[in-house]
Amino acid sequence: MGENGHNKSIELPPSITVRELADSIQASPIEVIKTLMANGVMANINQQIDFDTAAIVAAEMGYDATLESQEAVGEEEIGEIPLWRRVIADENPEDLVYRPPIVTILGHVDHGKTTLLDAIRHTNVVEDEAGGITQHIGAYQVEHNNRLITFLDTPGHAAFTAMRARGAQGADIVVLVVAADDGVMPQTREAIAHAKAAQIPLIVALNKIDKPNADPERVNQQLAEIGLIPDEWDGDTIVVPISAKHRQGLDDLLEAILLVADNSNIRANPKGRVIGTVIEAEKDRSRGVMATLLIQNGTLNVGNIIVAGTAHGRLKAMFDHMGHQVIDAEPSAPVAVMGLNDVPVAGDLFQVVDSDKIAREITSERKNQKKSDAESQKSAVTLEQLFDKFQAGEVPELRLIIKADVQGSLEPIKSSLADLDTGDISVNILHAETGNIGKNDVMLAAASKAIVIGFNVEADSAAQRLADTESVSIRLYTIIYRLIEDIEKALKGMLEPETKETVIGHAEVRAIFKISKVGKVAGCYVLDGELRRNARVRVMRDGEEQFIGDMGSLKHIQDDVTEVRTGFECGLTVKGFNDFAEGDIVESFIVEEVPL
Ligand code: GDP
């Protein structure tokens with residue numbers, strides 16, 4: 001964003017007509033068309049161009065474009081206020097009752113989000129006589145002072161971002177974990193920005209206070225500097241010192257959550273219209289589609305017919321976070337449900353509808369909409385086309401194929417990767433779906449020079465073998481931030497491929513031999529240093545570079561050799577170069593990467 005500080009910011013949709021783009025950047029359509037033409041794209045005034053292309057045009061006109069928040073779920077969905085909140089707002093106020101707050105835990109990597117979620121779960125999930133074992137369904141509920149609190153258990157930050165992007169944020173309260181020994185970090189700020197934008201109250205959990213180098217005062221200071229004045233300093237931000245590791249301060253934190261909940265009017269009508277958010281979904285071999293739903297208004301019952309994104313079905317069974325079968329679920333309760341005909345996307349809204357017929361109508365309409373969206377994307381001018389035409393050519397792009405265990409992981413990975421896009425360089429997700437890495441994924445990667453990323457999945461042996469023969473790189477992760485970190489590093493590497501060239505020798509071409517099947521072989525005399533078989537070569541003629549490439553073969557007399565030293569003769573070929581002339585100088589050099 002605005003590295004130079006002068007650009008104006010603008011939000012653009014995934015696809016836009018030339019005319020609309022011109023309007024949004026206060027340029028004439030002719031100017032836009034000219035700019036597109038200068039970049040080799042022929043487009044008329046009514047043609048759709050994709051976001052990336054539009055962003056480039058916008059940049060040339062002094063705008064930093066960001067992708068507009070993604071498509072709303074239903075037709076009534078607008079802006080930042082999710083539909084479920086408006087459903088509740090439409091209820092008769094007399095019918096509204098208290099519902100448990102839904103809490104999401106955000107914070108910088110390694111500040112202790114996972115540890116905190118585990119600590120709360122283990123200390124506070126109520127065990128019943130049936131002795132259920134907690135199931136990972138993407139959310140859980142705990143009891144404190146006889147009141148329930150729902151925690152979203154999906155990979156914090158990222159999941160929340162994905163939900164926000166879909167205009168369906170589920171949380172009522174954000175707990176921001178800040179490590180007392182590390183203080184406010186980039187993702188801390190990001191989390192604050194998200195909470196602010198979504199108008200969700202925030203509590204700070206000042207974690208790791210057990211550490212000898214914990215410095216709570218410093219963190220308070222940092223928080224105050226970015227507008228979160230701690231309550232201790234008479235501000236509005238509750239800061240609760242905790243140690244997630246030693247399970248200290250957890251009660252205080254739960255207390256604070258309930259306090260904020262009491263001040264936030266968190267209500268719903270258990271008898272009202274049933275609506276909520278899909279937390280995660282996957283296809284289970286034995287049970288079919290399993291989806292975790294968070295009820296936000298109304299009461300969901302087994303037997304209800306629901307629509308979730310483009311999926312629908314009659315609920316055959318529901319389970320709570322302890323794996324117990326339940327027949328109904330009230331507002332703020334997370335339940336895993338069986339009975340959908342397809343896998344919805346995390347962040348989709350779900351609603352109960354009156355009949356199967358209505359469910360089919362809604363989903364088929366949504367599917368058509370999706371199809372036509374996809375087609376309009378297809379006919380839009382793609383980034384590749386644009387870059388192909390750039391005279392500068394090579395815009396580096398990292399192509400990825402992503403496989404993950406559940407939709408709930410896929411969404412945050414995709415959105416975090418989208419966040420990495422720097423404008424100079426792009427991440428291109430060619431394909432993303434749930435399931436193990438198979439042969440097809442590797443084939444796609446090989447064909448498109450992509451790498452395959454697996455999250456909580458494995459590559460089957462056929463895929464692994466193919467990857468080896470095709471030199472496709474498969475990277476497996478179990479922690480999202482490590483994945484993101486790696487990609488980020490890869491991107492940085494691509495941005496600044498810091499390399500150092502060292503010339504190791506020169507040879508002069510003294511004769512050219514034509515050898516059938518091999519082509520032209522240059523008979524050389526090594527003038528200085530040495531020529532190495534696996535080093536790079538530069539062919540020079542009259543002081544001008546003719547070609548840079550790899551050596552195809554290097555022979556001394558009849559033998560293949562790995563190097564030839566000063567004063568010896570050799571015969572060599574260079575891959576992709578066949579135009580040797582007598583007197584050419586062959587320079588042998590090595591390229592080393594300078595670690596960042
Ligand atoms: P996340 O990336 O925010 O989910 O962080 P994790 O929960 O994975 O924690 C990162 C590291 O910090 C782990 O090694 C934890 O054991 C450690 N950690 C988390 N909470 C505490 C704490 O309260 N005290 C100390 N000393 N270490 C903690």
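Both counts, for ligands and for their atoms, begin at 1 and track the order of listing. Heavy atoms only: backbone and side chains are in, while hydrogens, waters and symmetry mates are out. Remember, it's a predicted structure, so these values are computed and weren't measured experimentally.
Distance screen at 4.0 Å: atom 10 (C) of ligand 1 has a protein heavy-atom neighbour inside the cut-off. Distance screen at 4.0 Å: atom 14 (O) of ligand 1 has no protein heavy-atom neighbour inside the cut-off.
Among all protein heavy atoms, the one lying closest to atom 24 (N) of ligand 1 is Asp210 OD1, 2.7 Å. Protein heavy atom in closest approach to atom 20 (N) of ligand 1: Asn207 ND2, 3.1 Å. Closest to atom 19 (C) of ligand 1, if we only count protein heavy atoms, is Thr115 OG1, 3.4 Å. For atom 4 (O) of ligand 1, the nearest protein heavy atom (residue, atom name, distance) is Thr114 OG1, 2.5 Å. The nearest heavy-atom contact from the protein to atom 12 (O) of ligand 1 is Lys208 NZ, 3.0 Å.
For ligand 1, the polar-atom distance check against Gly112 finds a nitrogen or oxygen pair separated by under 3.5 Å. Ligand 1 has no nitrogen or oxygen under 3.5 angstrom from a nitrogen or oxygen of Leu116. Any N or O atom pair closer than 3.5 Å counts here, and His246 shares no such pair with ligand 1. Taking distance alone, with nitrogen or oxygen atoms compared against 3.5 Å, Asp110 approaches ligand 1 more closely than that limit. For ligand 1, the polar-atom distance check against Lys113 finds a nitrogen or oxygen pair separated by under 3.5 Å.
The side-chain heavy atoms of Leu340 and Phe350, taken from C-beta on, include no pair separated by under 4.5 Å.
We find that Asp172 and Arg99 are joined by a salt bridge, their nearest charged nitrogen and carboxylate oxygen being less than 4.0 Å apart. Taking a cutoff of 4.0 Å between a charged side-chain nitrogen and a carboxylate oxygen, Lys403 and Asp441 qualify as a salt bridge.
For the pair Gln248 and ligand 1, no heavy-atom separation below 4.0 Å is found.
With 3.5 Å as the limit, one finds no donor-acceptor pair spanning the side chains of His108 and Asp182. Between the side chains of Arg366 and Thr310, not a single donor N or O lies within less than 3.5 Å of an accepting N or O. A donor and an acceptor atom, one from each side chain of Gln141 and His321, are nowhere located under 3.5 Å apart. A donor-acceptor contact under 3.5 angstrom links the side chains of Gln296 and Thr277, judged on distance only. Between the side chains of Tyr481 and Asp110, at least one donor-acceptor pair of N or O atoms lies under 3.5 Å. With no hydrogens or angles considered, no side-chain donor-acceptor pair links Asn145 and Arg147 at under 3.5 Å.
The proximity of His111 to ligand 1, defined as any non-hydrogen pair under 4.0 Å, is limited to the backbone.
Distances from atom 23 (O) of ligand 1 to the heavy atoms of Ala244, Pro241, Ala119 show the closest one on Ala244.
Ring centroid separation for the pair Tyr477 and Phe455 does not come in under the 6.0 Å cut-off.
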